[in-house]
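Computed from heavy atoms alone, side chains included, the values below leave out hydrogens, waters and symmetry copies.
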Amino acid sequence: MLHQVEISRSALLNSVSQYRSILGGSEFFAVIKSNAYGHGIREATLILSPAVDGFAVNHISEASQVYELTDRPFLIMGRYDFDESSLLLDLDSSRITVVLSDLDEIKHLTDLRSDIRFHLKIDTGMGRLGYRKDSQQLNKVFDYLAQNPTLNWSGIMTHFANVEDVTDQSFAQHQLDEFEVISKKAVEAAGHRRLAKHSAASAAALLLPKSRLDLVRVGISLYGLWPSKATQLSYISMTANKSAKKAEAINLEPALRWRTKIVHINEVEAESKIGYGCTFQTHYATRVAVLPIGYFEGYDRGLSNCGYVIIESRQAPVIGRVCMNMTMVDITHIPDAKVGSDVTLIGPGVSADNLADLLGTINYEIVTRINSSLPRIIVD
């Protein structure tokens, strides 16, 4: 196999265990949207099913894709897709909860299947789905729900806008305060029946204990990656405080390793041009290894002339432009490298965070964009 993405069972289960140590009574929902952040939705579901309380996805089709692999419930969080809604007809209502944002969605779902539970999404500062406090639209939604008490409305949720990127959580606290006010109105509209409440994704679940509520939706950290450096620093600072509990000292282990092999080696002279656009010129007689991976497979073209891979425990710099399906690296300083040698694209020595720094992006994008056609292999 020329290239594969290895998914560590133990690392995924470690993340669940680490989070459970701080959650108290909050349920743990594993976010497996977008092909489980590039880790393989089927593989992640199979590994995590015995360990989590439920799964969170973006699309109805994602839930449908892995529905038969688990007995856990699904929370469908993205924009309610009228075109995909017919897929709900084949799913057990006891295992499905759909997040809705407006009246049209509520009416459509309840006309389609009145037995499926739904949660209402509230915008407390993200500016995305849902409506804000005291808006006419939200008041209309609450009025409609109050007038239709038999609807299967079972929860309310929001999403934080600015937890990961800062060490000052004042805006997140503002969102929590807004959510608390709106939650009271929601309970009134629901006839004072109990509504599940949730707000926390990975970073908030770590840094804001009050945000954990009835359940947490853990995404990026489930895969052993910190949501950001600011989150990691904030968490280290928080747990270093003498008042912090020992149980809250979380250690995340990246769950993904992306590997390929050298398929060809060129011996070129000094001052040779390499790759499209002749953007690289050798300064010495150079051994050039060709890797069968490029931007189609998800190895970003922005890594041209600045990325690196690991071969025989040494860094091999990317030279020339990353091609659609091939990449060239300098192995002059790695005499043991040969055709068939293993190459680490992401893993020990070259993390998703390292590549994100080189590209000026976030680790989420690095792993999520690995092409879903590449085989995911469960290890350990």
Is it possible for you to say whether V263 and V322 belong to one hydrophobic cluster, with membership spreading through side-chain heavy-atom contacts below 4.5 Å?
no
One thing to verify: whether R259 and D342 come together as a salt bridge, which I'm taking to mean a side-chain N less than 4.0 angstrom from a carboxylate O.
yes
Please state whether the rings of F82 and H108 are parallel, tilted or perpendicular, taking 30° and 60° as the class boundaries.
parallel
What do you reckon, is CZ of R257 surrounded by more than 12 foreign heavy atoms closer than 6.0 Å?
yes
Can the positive tip of K107 be found less than 6.0 Å from the middle of the six-membered ring of Y144, inside 45° of the ring normal?
yes
Against T124, only a single residue in Q175, E180, E178, H159 fulfils side chain to side chain donor-acceptor pair (under 3.5 Å); can you say which?
Q175
May I ask you to decide if the ring planes of W258 and Y299 are parallel, tilted or perpendicular, using 30° and 60° as cut-offs?
perpendicular
Do Y308 and D330 pair up side chain to side chain, a donor and an acceptor below 3.5 Å, judged on atom types alone?
no
Less than 4.0 Å between a side-chain N and a carboxylate O, is that true for K121 and D102?
no
Charged N to carboxylate O below 4.0 Å: is that the case for R20 and D53?
yes
Aromatic plane relationship, F171 with H174 - under 30° parallel, 30 to 60° tilted, over 60° perpendicular
tilted
Just so I know, are the side chains of I156 and F179 near enough to count as touching, which here means a heavy-atom distance under 4.5 Å?
yes
Tell me whether R95 forms a cation-pi arrangement with Y67, defined as NZ or CZ under 6.0 Å from the six-membered ring centre and within 45 degrees of its axis.
yes
May I have the step-by-step check of side-chain contact (heavy atoms from CB on, under 4.5 Å) for L213 and L215, ending in yes or no?
CA-CA 6 Å; L213 304 175; L215 66 88; over 6 Å; no
Under the criterion side-chain hydrogen bond (donor to acceptor under 3.5 Å, both in side chains), I'd like the reasoning laid out for T279 against N305: C-alpha separation, chi angles, the key distance, then a yes or no.
CA-CA 8 Å; T279 61; N305 295 310; 3.0 Å; yes
Tell me, do I366 and D353 make a side-chain contact under 4.5 Å, heavy atoms counted?
no
Taking side chain as C-beta onward, heavy atoms only, is H3 less than 4.5 Å from P292?
yes
Any side-chain heavy-atom pair from I370 and R376 closer than 4.5 angstrom?
yes
Would you indicate whether M126, at its atom CE, is surrounded by more than 12 heavy atoms from other residues, nucleotides or ligands within a distance under 6.0 Å?
yes
